[in-house]
Amino acid sequence: MAFRRRSPRFWLGRLVRNLLAWMAIAFALFPAAFVLGTSFDPAQNLRTAWIIPTQPTFANYLYIFQERQEINFPRWLLNTVYVAGITAVVSVFLCALGAYAFSRFRFRGRRSGLLTILLVQMFPQTVGMVAIYLILQTLGKQVPWLGLNTHPGLILVYLGGAIGFNTWFMKGYFDTIPRSLEESALVDGATPFQAFWRIILPVARPILAVVFVIQFISVYSEYLLASLILKGTDKYTLAVGLQLFIGEAYNRRWGSFAAAAVIGAALILVVFYALQSQIISGLTGGAVKE
Amino acid sequence: MSFLRGTPWLLVKIVSLSVLDAIGIFFAVLLAWEESWLLVGLLCAGLLGLNVLAFSRRLYPLRYLAPGLFFMFVMVVLPLVYTVYISITNYATGNILSKSQVITLLTTRYYAPPNAPTFNFRAYGDEHGIYALYLFGPGSEYVLFPDGRISPTSGHNLVDLDGDGVPDLLDGYRHLSIAELTPWLSQLQALEVPFGEGVLRLVTLSTFRVYSRQYIYDPKNDRLVDLRTGKEYLAKGGNFVSADGEKLDPGWVTFVGLANYLRFFRDPLYNRAFVRVFAWTVTWAVLTVVLGFALGLGLAILLNDRRLRFRKLYRSLLIVPYAIPAFISILIWRGFFNVEVGLFNQLLSQTFGVRVPWLTSPFWARFSCILTNVWLTYPYMMLVSLGALQSIPEEMYEAAKVDGATGWQRFAHITFPLLLVSVAPLLIGSFAFTFNNFTLIWLLTRGEPVVEIGSRAGATDILLSYAYKLAFMGGRGSEYNMTAALAVIIFIIVALISGISFTRTRALEEVSRGL
């Protein structure tokens with residue numbers, strides 16, 4: 001850019017703006033930066049740990065990746081990915097099915113069905129925690145692998161909560177896919193399900209990915225229901241395990257906690273920034289309009 | 001894939017459906033065996049629905065909807081209904097069983113009257129365990145087997161080898177010493193052998209005693225009579241209660257109407273906690289949303305300014321708090337706030353020589369909650385505001401400039417009102433989310449510090465965390481009924497918030513467009 005003469009006021013304005021932006025960035029980044037720095041510091045006490053470690057080591061990372069009886073970080077990470085992955089895959093499929101029907105078929109009860117889903121979705125699932133707890137307890141007496149302290153039980157709970165919002169969200173996207181795409185296939189004798197499977201799903205791949213990621217992240221971060229349902233240390237998800245691991249032990253476990261936090265956040269950060277624009281438009285949906 | 005249409009496909013469908021039906025019926029029979037009729041009913045209804053769904057042309061769309069709706073029904077709708085149901089019962093520790101279970105439990109309670117017959121015993125067996133016991137008391141003797149069978153001695157072969165009056169062999173098994181008996185004690189302790197009106201039970205290492213039934217149930221008057229004291233207990237409100245107010249434990253589940261709700265408004269113990277928690281929940285949600293939005297909007301305006309370079313980079317850096325899983329950030333902040341070793345107090349004490357009781361004093365604990373949550377939510381507010389800012393047409397500003405409006409006037413009269421219109425539903429949504437943000441409160445403060453001795457609700461407890469404590473945190477046991485009542489109150493508040501959001505903002509338009 002060529003140098004043009006600007007008034008001092010312009011330069012002052014620019015300086016102030018940049019200064020403000022960097023202050024805000026410092027505020028946004030300092031917790032993450034501090035944790036990243038101290039994760040390489042062998043000190044286990046938060047008091048002595050510092051953002052720039054005097055003797056950087058990988059000891060904390062090596063420590064947390066050892067399997068132990070009570071503190072089993074690798075196991076918790078696997079559990080979390082397993083529960084979040086299955087929930088996300090199944091809910092993407094179920095929601096796509098439902099959204100397709102709402103988008104393409106005209107049937108009695110369609111409007112009221114959509115409204116009901118919206119209405120039900122408004123009530124946060126966590127508020128019904130006692131009922132969910134008791135239902136799983138009862139279920140577990142008949143079907144032990146679906147009861148309390150089981151991953152399938154937890155997945156069942158999450159699946160219930162995942163349907164409403166995602167069905168609406170996907171339906172909105174399906175509505176924008178021109179009908180002419182499937183119509184020729186239907187004329188050629190394909191069933192509606194074939195049209196859905198072979199034409200709509202491939203076209204809708206971006207939205208499926210977004211719903212998958214949003215669902216994965218939300219299950220990954222869920223704490224209340226997981227802590228209520230999972231009781232054995234071998235069953236914990238990361239949220240439950242990490243909170244019990246650090247507990248009040250900021251003066252003796254900070255270093256290893258920091259390493260675990262870095263690993264736990266890294267996965268989500270990578271996915272988030274890779275799909276940044278799609279995820280953001282999904283999560284802040286409704287605000288941005290042309 | 002044309003086979004999905006023809007006869008083979010129909011065949012596949014019929015075969016797989018038959019297999020499913022067979023499995024379903026198998027389980028239905030199993031459940032019927034256990035007399036869980038409710039589950040049998042649900043299973044059969046489900047199977048019937050499945051079959052109708054598979055062949056009905058009219059219900060074709062439902063084939064796509066049913067799988068998702070099923071999960072939603074089981075884990076969202078059913079809990080909702082069940083919560084309402086629990087909230088009008090007394091379902092809590094001490095009132096978990098059904099009435100008939102309670103009666104069975106109480107009428108099989110035994111006590112030992114002072115003059116109860118006592119039997120001494122000797123055990124016979126070999127190294128594999130006990131074969132039988134020989135019981136002998138005043139004027140009677142029996143053979144008792146470890147599985148609870150009891151019979152007179154006449155059918156058994158008792159041999160007294162050394163003639164000391166005590167048999168040494170029973171049906172060929174030798175006498176076991178007390179030391180040999182010890183491994184099997186728990187087996188003997190579990191024995192409850194019906195005997196006359198009462199039961200025989202082990203009392204000491206060498207004696208059994210006859211225990212009598214303590215209560216008998218009188219169905220005509222729906223009361224229990226204590227045979228030991230003669231006291232009568234009438235069935236009243238989920239317990240058997242005597243005339244002088246003594247309650248028998250356990251009680252059973254029964255409807256109590258709106259009593260649980262009223263306790264939040266009348267019972268001082270719950271009322272004080274409820275009012276305090278409610279006030280804080282609203283304060284916290286409002287402050288978080290207002291402060292988070294103010295910060296987010298400010299940054300959005302900053303980033304929207306073309307004079308700023310690297311805007312993309314800045315935006316990506318500023319949304320880091322949004323990208324890190326919240327539970328990790330909250331645990332980190334909890335460390336920063338730690339009074340002894342936390343980062344903040346370290347910096348403060350080094351530079352100013354002060355320490356702040358971040359999580360230990362009510363004011364600072366609340367402050368910490370809000371600060372942490374503002375940090376967590378401002379990126380969302382910023383993104384939302386950025387989107388909305390970019391949708392405000394440029395011409396409006398140009399028109400305002402022509403009219404000579406100052407920067408502030410442009411913001412106050414154009415930017416802010418227009419922005420608010422499109423952002424309002426999201427702000428309300430954010431308010432509702434914060435209102436029930438259990439994770440933040442629980443991981444940061446657990447609702448502490450304590451503000452009132454004997455009350456479960458701490459200074460930073462929100463309604464949902466208070467509800468959680470009522471159900472799942474020791475002390476007075478699990479007050480599921482109170483939690484459920486509180487949950488219904490939260491449901492009503494959420495419904496009101498959503499109602500406002502729909503009627504007062506453009507959200508409704510969006511929905512009807514979506515329909």
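Atoms considered below: every heavy atom in the structure, side chains included; atoms not considered: hydrogens, waters and symmetry mates. Here is how names work: the chains are called A, B, and so on, in the same order as the sequence lines, proteins then strands, and each is numbered from 1.
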When the 4.5 angstrom heavy-atom criterion is applied to B/Leu80 and chain A, the contacting part is side chain
Is the shortest side-chain heavy-atom distance between B/Arg63 and B/Leu59 below 4.5 Å? no
If one checks every heavy atom of A/Phe272 against chain B at 4.5 Å, the contacting part turns out to be side chain
Under 4.5 Å to a heavy atom of chain A? For B/Ile490 that would be side chain
Applying a strict 4.5 Å limit to non-hydrogen atoms, the region of B/Tyr91 in contact with chain A is side chain
Discussion item. With a 4.5 Å cut-off on side-chain heavy atoms, are A/Phe193 and A/Leu97 touching?
Written reply: yes
Whatever's closer than 4.5 Å to a heavy atom in chain A on B/Ile319 counts as both
Q) Is the closest side-chain heavy-atom distance between B/Ile324 and A/Leu269 below 4.5 Å? A) yes
* To do: Report yes if the side chains of A/Tyr250 and A/Ile246 come closer than 4.5 Å at any heavy-atom pair, otherwise no.
  => yes
Cut-off 4.5 Å, heavy atoms of chain A, and the answer for B/Asp305 is side chain
The reported gap from CG in B/Leu359 to CZ in B/Arg334 (rounded to nearest 0.5 angstrom) is 6.5 Å
If one checks every heavy atom of A/Leu242 against chain B at 4.5 Å, the contacting part turns out to be both
- request: Examine distances only and state if a side-chain atom of A/Thr167 and a backbone atom of A/Gly98 form a donor-acceptor pair shorter than 3.5 Å.
  value: no
Turns out that what part of A/Asn45 lies under 4.5 Å from chain B's heavy atoms comes down to side chain
query = Can you tell me if A/Arg253 uses its side chain to pair, donor with acceptor, with the backbone of A/Phe245 under 3.5 Å?
reply = yes
When the 4.5 angstrom heavy-atom criterion is applied to A/Tyr220 and chain B, the contacting part is both
Okay, B/Phe71 and chain A: the region with an atom under 4.5 Å from a heavy atom over there is both
**Prompt:** Are A/Ser227 and A/Gln243 close enough that some pair of their side-chain heavy atoms sits under 4.5 Å apart?
**Reply:** no
Determine whether more than 12 heavy atoms belonging to other residues, nucleotides or ligands lie under 6.0 Å from atom CZ of B/Phe27. no
If one checks every heavy atom of B/Tyr314 against chain A at 4.5 Å, the contacting part turns out to be both
Under 4.5 Å to a heavy atom of chain A? For B/Ile86 that would be side chain
Ranking A/Ala265, A/Gly172, A/Ala101, A/Pro31 by heavy-atom pairs under 4.5 Å to chain B gives rank one to A/Pro31
Okay, A/Leu119 and chain B: the region with an atom under 4.5 Å from a heavy atom over there is neither
Rounding to 0.5 Å, atoms CD1 (B/Ile462) and CD1 (B/Ile441) come to a distance of 5.0 Å
Honestly, the part of A/Leu267 sitting under 4.5 Å from a heavy atom of chain B is neither
Cut-off 4.5 Å, heavy atoms of chain A, and the answer for B/Ser465 is neither
When the 4.5 angstrom heavy-atom criterion is applied to A/Phe27 and chain B, the contacting part is both
Given side chains that start at C-beta, do those of A/Trp50 and B/Leu343 come closer than 4.5 Å, heavy atoms only? yes
Of A/Tyr100, A/Phe34, A/Trp254, the largest count of non-hydrogen pairs under 4.5 angstrom with chain B goes to A/Phe34
Under 4.5 Å to a heavy atom of chain B? For A/Phe10 that would be side chain
Applying a strict 4.5 Å limit to non-hydrogen atoms, the region of B/Val320 in contact with chain A is both
Okay, A/Val130 and chain B: the region with an atom under 4.5 Å from a heavy atom over there is both
**Prompt:** Is there a donor-acceptor pair under 3.5 Å between the side chain of B/Glu479 and the backbone N or O of B/Ala92?
**Reply:** no
CD1 of A/Ile163 to SG of A/Cys95, rounded to nearest 0.5 Å, is 4.0 Å
Honestly, the part of B/Tyr378 sitting under 4.5 Å from a heavy atom of chain A is side chain
In this structure, CG of B/Leu376 is separated from CG of B/Leu371 (nearest 0.5 Å) by 10.0 Å
If one checks every heavy atom of B/Ala484 against chain A at 4.5 Å, the contacting part turns out to be neither
Point to revise | A/Phe196 and A/Arg104, any side-chain heavy atoms less than 4.5 Å apart | key: no
Okay, B/Tyr60 and chain A: the region with an atom under 4.5 Å from a heavy atom over there is side chain
From the list B/Ala323, B/Ala66, B/Pro67, the residue making the most non-hydrogen contacts under 4.5 Å with chain A is B/Ala323
Whatever's closer than 4.5 Å to a heavy atom in chain B on A/Gln276 counts as side chain
Applying a strict 4.5 Å limit to non-hydrogen atoms, the region of B/Leu302 in contact with chain A is side chain
